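To start, the structure under review is shown below, and the notes come after it.
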Amino acid sequence: MVGAGLIVAASAAGLPVSVAVVGWILLAGAVALCVIAWTTWRRMRVRVELTDDGYIIAGPDAHERGRWADVTKVTQSPTTLVIHHGHDHRVRLVSQRGVTAELLHLSGDLVRRLDASRGYNSPM
């Protein structure tokens, strides 16, 4: 806003061109920051695919794949879903935005698929 204000003020009040140049530089910097923030947000997305046999989780830092037969436990806190594979291996899905509809839907779908893999029937 400051950059746009300097550009308009320089034009309307007849201020030196250097004030307009500073305004354009500030405006370009603000646009660059917006592009960087948007790009970073897009890269932080995680794709979770649940199938009848297991799951695939693909994110910016890791790629996890697991089978329902190997899952020993699933735990959940308000912002984290943890898939346990025995005592040593854990796959964590963390929601930086807190409790979201996506996380609740994912945990419900994960439990249904895990139950189905074990032959349990879900009550309707």
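Here, residue 1 is the first one in the sequence, and each next residue gets the next number. A quick note: this is a predicted structure, and the numbers were derived from the prediction, not measured.
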Minimum side-chain heavy-atom gap [X]-[Y] below 4.5 Å:
X     : Y      : answer
Thr51 : Glu49  : yes
Leu93 : Val82  : no
His85 : Val91  : yes
Asp52 : Arg113 : yes
Trp24 : Leu6   : no
Glu64 : His89  : yes

* Donor-acceptor pair, side chain of Thr40 and main chain of Ile36, under 3.5 angstrom -> yes
* Asked: Any sub-3.5 Å donor-acceptor pair from Thr72's side-chain atoms to His84's backbone N or O?
  ->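 Yes, Thr72 side chain to His84 backbone: donor-acceptor pair under 3.5 Å.
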Testing the basics here: between [X] and [Y], what is the closest heavy-atom pair and its distance to 0.1 Å?
X      : Y      : answer
Pro16  : Ala10  : O-CB, 4.3 Å
Leu81  : Ser107 : CD1-CB, 4.0 Å
Pro60  : Arg45  : CD-O, 3.7 Å
Ser117 : Trp68  : OG-CB, 3.3 Å
Leu103 : Ser95  : CD2-CB, 4.0 Å

* When rounded to the nearest 0.5 angstrom, what distance separates CZ in Arg65 from CD1 in Ile56? -> 4.0 Å
* **Separation between CG of Leu106 and CD1 of Ile57, rounded to the nearest 0.5 Å** => 7.5 Å
* Asked: Only one of Leu110, Val71, Asp109 forms a side chain to side chain contact (heavy atoms under 4.5 Å, CB included) with Tyr55, so which one is it?
  ->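 Only one of Leu110, Val71, Asp109 forms a side chain to side chain contact (heavy atoms under 4.5 Å, CB included) with Tyr55, namely Val71.
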* **Shared hydrophobic cluster, Val46 / Leu50 (ILVMFWY, side-chain heavy atoms < 4.5 Å)** =>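 Result: yes, single cluster for both.
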